[in-house]
Amino acid sequence: RCVILPDAQIGYFRNRKGKMEPTHDEKAIALALEITRLVRPDMVVLLGDNLDLPELSKYRITPPYQQTTQATIDRATVFCAELRAAAPNAKIVWLAGNHEERLPNHILDNARAAYGLRRGNIPDTWPVLSVPFLCRMEDFGVEYKEGYPANHIWLNQKIRIIHGSKVKSSGSTAHMYLASEKTSVIYGHIHRVELAFKTREDFDGPRTIMAASPGCLARIDGAVPSTKQGMDIDGRPLISHENWQQGMAIVEYETTGKNRFSYECIPIFDGTASWRGKWFSV
């Protein structure tokens, strides 16, 4: 059994009182952790973009989002610890997404000599200025899969997990994956809940594949920097709801025999979710 946790976009901005306000959704994260604890999974996969890192972006950033990277790293480190506590016996894998790639890209663009630096005489460790090192993933037994967009995980021979690089804002991204993939795929990146199937004729009969996105664990009210975000005169986000949905997913799968699997999406609405006949709220 595998728990899938999509884009959290952990980050902050300063509100009018100067207080740090999260771009991730603490209620959604708390719900996801509680359900994960009850599921008792064999594996937990984070789909990537768990850090937002707007300060390291190539895009223009307003003052309220500046000097928030350390707080982001601190919260992501706590998230790793919370995940391990919720799933003490699970294999936990964090897929790098395009937002995690902002850190190495920023170093290459602005401090190339610092790229890949490690502690002295320990060549087989993560670079000091890398997401897994800064978030202390080894301390909590979290495996980091670098190499976006080529990184992926196969749950079995019939289903693959990726962060994803496709976006179809005017329609279903799922159908773009169904048109190009040979096997079923679970993806993040788009912050929307999607599920679609396609059946093709194969040599030994019909073959059906699935493409699914469980949504996100980020705020969906305009706090996360995006191309559709609105700002006030001081650069703070205005309430403007995106076409995004929060959620998580559970996959029950076989690793032998027919390699069957079952995909279950759990939508989250304003700090409330239902799983197996029980309601959860924070």
Side-chain angles (χ1 to χ4, degrees), residues 1-10 24-52 73 75-97 99-100 126 131-148 151-156 158-164 184-189 191 193 195 210 212-218 246-255 259 261-268 273-276 278 280 282:
R1 184 176 289 173
C2 179
V3 166
I4 312 289
L5 301 181
D7 312 39
Q9 307 289 152
I10 292 173
H24 53 283
D25 191 313
E26 290 287 359
K27 289 184 178 180
I29 289 175
L31 272 177
L33 288 168
E34 175 62 13
I35 294 173
T36 297
R37 184 183 66 82
L38 294 175
V39 170
R40 291 163 52 178
D42 304 287
M43 182 181 293
V44 177
V45 177
L46 290 82
L47 290 183
D49 283 5
N50 296 298
L51 308 176
D52 194 62
I73 291 169
R75 181 63 184 92
T77 303
V78 171
F79 185 40
C80 288
E82 291 171 332
L83 271 175
R84 178 49 67 197
N89 301 313
K91 178 179 181 180
I92 303 176
V93 183
W94 178 326
L95 285 172
H99 278 256
E100 281 88 355
W126 291 108
V131 169
F133 185 88
L134 292 171
C135 295
R136 296 170 49 197
M137 292 190 191
E138 290 186 355
D139 291 352
F140 308 108
V142 176
E143 180 183 341
Y144 187 70
K145 286 271 192 181
E146 77 272 39
Y148 172 83
N151 51 346
H152 62 267
I153 298 169
W154 289 94
L155 282 185
N156 61 26
K158 292 185 177 179
I159 186 165
R160 187 166 70 107
I161 303 176
I162 61 175
H163 175 67
S184 295
V185 62
I186 299 170
Y187 56 94
H189 189 55
H191 298 187
V193 174
L195 175 62
M210 176 200 79
S213 165
C216 67
L217 296 175
Q246 295 176 339
M248 59 182 290
I250 299 170
V251 181
E252 295 187 359
Y253 62 99
E254 298 176 331
T255 56
N259 285 269
F261 70 88
S262 174
Y263 176 85
E264 179 182 8
C265 180
I266 305 172
I268 298 173
S274 176
W275 179 65
R276 305 284 172 93
K278 181 178 179 180
F280 301 85
V282 292

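Only this structure's heavy atoms are used, side chains among them; waters, hydrogens and symmetry mates stay out. Start at 1 with the first residue, then count along the sequence.
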Check: Gln9 and His191 side chains under 4.5 Å, non-hydrogen atoms: yes

Would you say Leu33 and Phe79 make side-chain contact, with heavy atoms under 4.5 Å? yes

Please identify each residue that fulfils side-chain hydrogen bond (donor to acceptor under 3.5 Å, both in side chains) with Arg84, with sequence neighbours left out. none

When you compare the side chain of Leu217 with that of Asn50, does any pair of heavy atoms fall below 4.5 Å? no

Tell me if a side-chain donor or acceptor on Asp49 pairs with a main-chain N or O of His189 at a distance below 3.5 Å. no

Quick one: closest heavy-atom pair of Leu38 and Phe280, and the distance? CD1-CE2, 3.2 Å

Please verify the inter-ring angle class for His163 with Tyr148; under 30° counts as parallel, over 60° as perpendicular, anything in between as tilted. perpendicular

Does Leu46 reach the side chain of Leu83, with side-chain heavy atoms less than 4.5 Å apart? yes

Should the pair Arg75-Glu26 be classified as a salt bridge under the 4.0 Å nitrogen-to-oxygen rule? yes

Would you mind reporting whether Leu95 and Glu100 have side-chain heavy atoms less than 4.5 Å apart? no

For Ala76 versus Cys135, what's the shortest heavy-atom pair and its separation? CB-SG, 3.7 Å

State whether Arg276 and Glu264 are salt-bridged, where the test is any N-O pair (Lys NZ or Arg NE/NH1/NH2 against Asp/Glu carboxylate O) under 4.0 Å. yes

Counting N and O atoms only, with roles assigned by atom type, does the side chain of Asn156 sit under 3.5 Å from a partner on the main chain of Asn259, one being a donor and the other an acceptor? yes

Between Trp275 and Met248, is the side chain to side chain contact (heavy atoms under 4.5 Å, CB included) condition met? List the steps. CA-CA 11 Å; Trp275 179 65; Met248 59 182 290; over 6 Å; no

Got Tyr144 and Asn151 here, is their nearest side-chain heavy-atom distance under 4.5 Å? no

Less than 4.5 Å apart, side chain to side chain, heavy atoms only: is that true for Glu138 and Trp126? yes

Working for salt bridge (Lys or Arg N to Asp or Glu O under 4.0 Å), residues Lys278 and Glu34: CA-CA 12 Å; Lys278 181 178 179 180; Glu34 175 62 13; 5.5 Å; no

When you measure from the side chain of Ser184 to the backbone N and O of Met210, does any donor-acceptor pair fall under 3.5 Å? yes

Stepwise side chain to side chain contact (heavy atoms under 4.5 Å, CB included) check, Leu5 with Thr36: CA-CA 9 Å; Leu5 301 181; Thr36 297; 4.3 Å; yes

Verify the neighbour count for atom CD of Glu254: are there more than 12 heavy atoms of other residues, nucleotides or ligands below 6.0 Å? yes

Which heavy atom of Ile73 sits nearest to which heavy atom of Leu134, and what is that distance? CG2-O, 3.4 Å

Ser274 versus Ile266, closest heavy-atom pair with distance: O-CG2, 3.5 Å

Go through the steps to decide whether Phe140 and Thr77 satisfy the test side chain to side chain contact (heavy atoms under 4.5 Å, CB included), and finish with yes or no. CA-CA 9 Å; Phe140 308 108; Thr77 303; 3.9 Å; yes

Considering non-hydrogen atoms only, spot the tightest contact between Ala273 and Leu31 and give its length. N-CD1, 4.0 Å

For Pro214, run the side-chain contact (heavy atoms from CB on, under 4.5 Å) check against Leu47, Val193, Val251 and tell me which one passes. Leu47

His99 side-chain N/O to Asp52 backbone N/O, donor-acceptor pair under 3.5 Å: yes

